[in-house]
A.B. asks: 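Got a structure for you, written out below as structure tokens; questions coming shortly.
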Amino acid sequence: MIMQLKSEKIYIGEIPVYVVHPIREEKGPVIFYHGWSSNALAQMSRAALLAVNGYTVYLPEALHHGERDPLEDYYVVEDYPVFWNTIFNNIEEYNSLYEFITAKEKMAPFIMGHSMGGMTVLGIACKYPDKVRGVVSFNGSGDWGLTHLFIQARFGVNVGRNWVLEDVVDARSPVNNLEHLADIPILMTNGESDISIDPRAQAHFYENLMQVNHTSKRITYPLLGHFVTTNMMDDAISWMDEVSARK
């Protein structure tokens, strides 16, 4: 399927980006953010599925992944702050991607991501609410404070209450910036058995989001762990098509 699609690697500033183009129908751009310890190239099968359905897909490489100064081990306690700083860096770099993509595609992109990427896209929407067409968060979280606690429990991290990023994570958490998300189409999907990014954090975020954004949607998948399945991708594509039809 990928061989039938045109793909290329470009650089937007210092950001390596893989681009997968649709064969015929043009439904507009999608930016897909990969997860922690993964890389952009590993998302090509997901990009191909989106492209077959008419979307032009951009896969940016996150800092400290792929060719951007990757870590030797992504699961050591000392590198835990890098996880959050990578999310913050993704958010800061979004405007450069947006300017390049909108100049080329003539419309704002859907933003989509898995795990760390699923957290990134909700953070981007908070900072740039007028620069996104819609948001899809796979196995992510919009309650970063709660996720911070769950991650510590899951991976045996204990950074203490005086952790240097505590206030930053809390201040930038989407659940504490709901006013910026009121008018943005948002889809969240979570595996109910996910032990990496505990879905209870996303459930709590969704409950709060619904107070200001009644069109947001959340789908959960019984017995599913920390994975993006074909069903998830199909649900996301159908949802994006519905959002596009409404606008």
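Predicted model, so just to flag it, every value in this text is computed and none were measured.
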A.B. asks: Does any part of the side chain of Val132, heavy atoms only, come nearer than 4.5 Å to the side chain of Phe110, both counted from C-beta?
C.D. replies: no
A.B. asks: Do Val164 and Pro81 touch side chain to side chain, with heavy atoms closer than 4.5 Å?
C.D. replies: no
A.B. asks: How long is the gap from CD on Gln202 to CD on Glu207, to the nearest 0.5 Å?
C.D. replies: 11.0 Å
A.B. asks: Do any N or O atoms from the side chain of Asn89 and from the backbone of Ala62 form a donor-acceptor pair under 3.5 angstrom?
C.D. replies: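 No, the answer is negative, given that no donor and acceptor are paired below the 3.5 Å cut-off.
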A.B. asks: Begin from the C-alpha positions of Tyr221 and Asp235 and carry the test side-chain hydrogen bond (donor to acceptor under 3.5 Å, both in side chains) through to its verdict.
C.D. replies: CA-CA 11 Å; Tyr221 302 82; Asp235 288 340; 2.7 Å; yes
A.B. asks: Using the ring centroid of each side chain, check whether His114 and His34 are separated by less than 6.0 Å.
C.D. replies: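 For His114 and His34, the ring centres are not under 6.0 Å apart.
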A.B. asks: Looking at Lys127 and Glu93, is there a salt bridge between them, counting it only when a charged N and a carboxylate O are closer than 4.0 Å?
C.D. replies: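 Not counted as a salt bridge, because no side-chain N and carboxylate O are separated by less than 4.0 Å.
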A.B. asks: Can you see which heavy atom on Gly142 is nearest to which on Ser173, and at what distance?
C.D. replies: O-OG, 3.3 Å
A.B. asks: Determine, using the 4.5 Å side-chain heavy-atom cutoff (strictly less than), whether Val175 and Ile151 are members of one ILVMFWY cluster.
C.D. replies: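 Yes; Ile151 is reachable from Val175 via cluster members.
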A.B. asks: Is Lys27 salt-bridged to Asp241, cutoff N-O under 4.0 Å?
C.D. replies: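 Looking at Asp241 together with Lys27, the answer is yes, because their closest N to O distance falls below 4.0 Å.
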A.B. asks: May I ask you to check whether over 12 heavy atoms, not counting those of Asn158, lie within 6.0 Å of atom CG?
C.D. replies: no
A.B. asks: Any chance you could measure Leu187, atom CG, to Lys217, atom NZ, to the nearest 0.5 Å?
C.D. replies: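 Interatomic distance, Leu187 CG to Lys217 NZ, rounded to 0.5 Å: 7.0 Å.
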A.B. asks: Centroid-to-centroid, Tyr80 to His148, below 6.0 Å?
C.D. replies: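 Ring-ring flag for Tyr80/His148: true, centres closer than 6.0 Å.
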A.B. asks: Hydrophobic clusters here meaning ILVMFWY residues chained together by side-chain heavy-atom distances under 4.5 Å, can you tell me if Phe83 and Tyr74 are in one?
C.D. replies: yes
A.B. asks: Show your reasoning for whether side chain to side chain contact (heavy atoms under 4.5 Å, CB included) applies to Ser244 and Tyr55.
C.D. replies: CA-CA 12 Å; Ser244 298; Tyr55 292 95; 4.1 Å; yes
A.B. asks: Do side-chain atoms of Arg218 reach the backbone of Tyr206 as a donor and acceptor pair under 3.5 angstrom?
C.D. replies: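 It does not hold such a pair.
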A.B. asks: In Å and rounded to the nearest 0.5 Å, what is the CG to CG distance from Asp130 to Asp183?
C.D. replies: 9.0 Å
A.B. asks: Answer yes or no: is there a side-chain heavy-atom contact under 4.5 Å between Pro174 and Phe205?
C.D. replies: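 Heavy-atom side-chain distance check passes, below 4.5 Å.
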A.B. asks: With the 4.5 Å side-chain cut-off for hydrophobic clustering, are Leu178 and Ile186 part of the same group?
C.D. replies: yes
A.B. asks: Can you confirm whether the side chains of His226 and Asp194 place a donor and an acceptor under 3.5 Å from each other?
C.D. replies: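 Checked: His226/Asp194 side chains pair up, N/O donor to acceptor below 3.5 Å.
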A.B. asks: I'd like to check Val17 versus Phe100 (side-chain heavy atoms, cut-off strictly below 4.5 Å). Are they in contact?
C.D. replies: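 Not touching, per the 4.5 Å side-chain cut-off.
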A.B. asks: I want to check something: taking the side chain as every heavy atom from C-beta on, are Met188 and Leu209 in contact at a cut-off of under 4.5 Å?
C.D. replies: yes
A.B. asks: Under a 4.5 Å cut-off applied to non-hydrogen side-chain atoms, are Pro70 and His64 in contact?
C.D. replies: no
A.B. asks: Check the pair Glu105, Tyr58 against side-chain hydrogen bond (donor to acceptor under 3.5 Å, both in side chains), reporting the backbone distance first and the verdict last.
C.D. replies: CA-CA 11 Å; Glu105 307 286 347; Tyr58 294 80; 2.6 Å; yes
A.B. asks: To the nearest 0.5 Å, what is the distance between CG on Asn213 and CG on Asn208?
C.D. replies: 12.5 Å
A.B. asks: State the CE-CH2 distance between Met112 and Trp239, to the nearest 0.5 angstrom.
C.D. replies: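 Here the rounded value is 8.5 Å.
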A.B. asks: Answer with yes or no whether the side chains of Thr215 and Arg246 bring together a donor and an acceptor at under 3.5 Å.
C.D. replies: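 On atom types as modelled, these side chains do not qualify, holding no pair under 3.5 Å.
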A.B. asks: I'd like to know whether Ile31 forms a side chain to side chain contact (heavy atoms under 4.5 Å, CB included) with Tyr94, so could you lay out the CA-CA distance, the side-chain angles of the two residues, the decisive distance to 0.1 Å, and finally the verdict.
C.D. replies: CA-CA 10 Å; Ile31 304 176; Tyr94 176 74; 3.7 Å; yes
A.B. asks: Which heavy atom in Ala40 sits nearest to a heavy atom in Pro60, and how many Å separate them?
C.D. replies: CB-O, 3.7 Å
A.B. asks: Before giving the answer on side chain to side chain contact (heavy atoms under 4.5 Å, CB included), spell out for Asn39 and Glu61 the whole-Å C-alpha distance, their side-chain angles and the decisive distance to 0.1 Å.
C.D. replies: CA-CA 6 Å; Asn39 57 67; Glu61 194 88 85; 3.2 Å; yes
A.B. asks: Are the side chains of Thr86 and Trp36 in touch, meaning some heavy atoms are under 4.5 Å apart?
C.D. replies: yes
A.B. asks: How close do Ser38 and Gln43 get, heavy atom to heavy atom, and via which atoms?
C.D. replies: OG-NE2, 3.0 Å
A.B. asks: Kindly compute the distance separating OG (Ser137) from CG (Leu122), expressed to the nearest 0.5 Å.
C.D. replies: 4.5 Å
A.B. asks: More than 12 heavy atoms of other residues, nucleotides or ligands under 6.0 Å from CZ of Phe227: is that the case?
C.D. replies: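 Counting other residues, nucleotides and ligands, CZ of Phe227 stays at 12 neighbours or fewer.
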A.B. asks: Take Lys131 and Ile124, measure what side chain to side chain contact (heavy atoms under 4.5 Å, CB included) needs, and give me the verdict at the end.
C.D. replies: CA-CA 9 Å; Lys131 295 183 176 182; Ile124 288 171; over 6 Å; no
A.B. asks: For the rings on Tyr128 and His180, is their centre-to-centre separation under 6.0 Å?
C.D. replies: no
A.B. asks: Determine the sole option in Lys6, His21, Glu26 for which the side chain to side chain donor-acceptor pair (under 3.5 Å) test with Thr56 is passed.
C.D. replies: Glu26
A.B. asks: Can you tell me if Leu223 has over 12 outside heavy atoms packed within less than 6.0 Å of its CG?
C.D. replies: no
A.B. asks: Does Tyr18 form a side-chain hydrogen bond (donor to acceptor under 3.5 Å, both in side chains) with Ser7? I'd like the steps, not just the answer.
C.D. replies: CA-CA 7 Å; Tyr18 293 91; Ser7 63; over 6 Å; no
A.B. asks: In plain terms, say whether Glu67 and Lys9 are close enough for a salt bridge, that is, a side-chain N and a carboxylate O under 4.0 Å apart.
C.D. replies: yes
A.B. asks: Shortest non-hydrogen contact from Tyr75 to Ser37?
C.D. replies: OH-OG, 3.3 Å
A.B. asks: Under 3.5 Å, is there a donor-acceptor pair between the Asn177 and Arg172 side chains?
C.D. replies: no
A.B. asks: Check the side chains of Asp170 and Asn176 for a donor-acceptor pair under 3.5 angstrom, ignoring hydrogens and angles.
C.D. replies: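 The criterion, which ignores hydrogens and geometry beyond distance, is satisfied for Asp170 and Asn176.
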A.B. asks: So which heavy atom on Ser141 is nearest to which on Ile197, and how close?
C.D. replies: CB-CG2, 4.1 Å
A.B. asks: Over all heavy atoms of both residues, which pair between Ala103 and Lys106 is shortest? Give the atoms and the distance, please.
C.D. replies: O-NZ, 2.8 Å
A.B. asks: For residues His204 and Asp143, is any side-chain donor paired with an opposing acceptor at under 3.5 Å?
C.D. replies: yes
A.B. asks: Should Ile23 and Met44 be regarded as members of a common hydrophobic cluster, given that ILVMFWY residues are connected when their side-chain heavy atoms come within less than 4.5 Å of each other, either directly or indirectly?
C.D. replies: yes
A.B. asks: Below 30° counts as parallel, above 60° as perpendicular, anything between as tilted: where do the rings of Phe88 and Trp144 land?
C.D. replies: tilted
A.B. asks: Given the rule that I, L, V, M, F, W and Y join up when any side-chain heavy atoms are under 4.5 Å apart, are Phe155 and Leu149 in one cluster?
C.D. replies: no
A.B. asks: Is there a donor-acceptor contact under 3.5 Å linking the side chains of Thr220 and Glu192?
C.D. replies: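 Present: a donor and an acceptor within the cut-off.
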A.B. asks: Main chain of Leu49, side chain of Asn53: is a donor-acceptor contact present, judged purely on distance under 3.5 Å?
C.D. replies: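 Looks like yes, one N/O pair under 3.5 Å.
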A.B. asks: Find out whether Val30 and Pro109 are in side-chain contact, i.e. whether some heavy atom of one side chain is under 4.5 Å from a heavy atom of the other.
C.D. replies: no
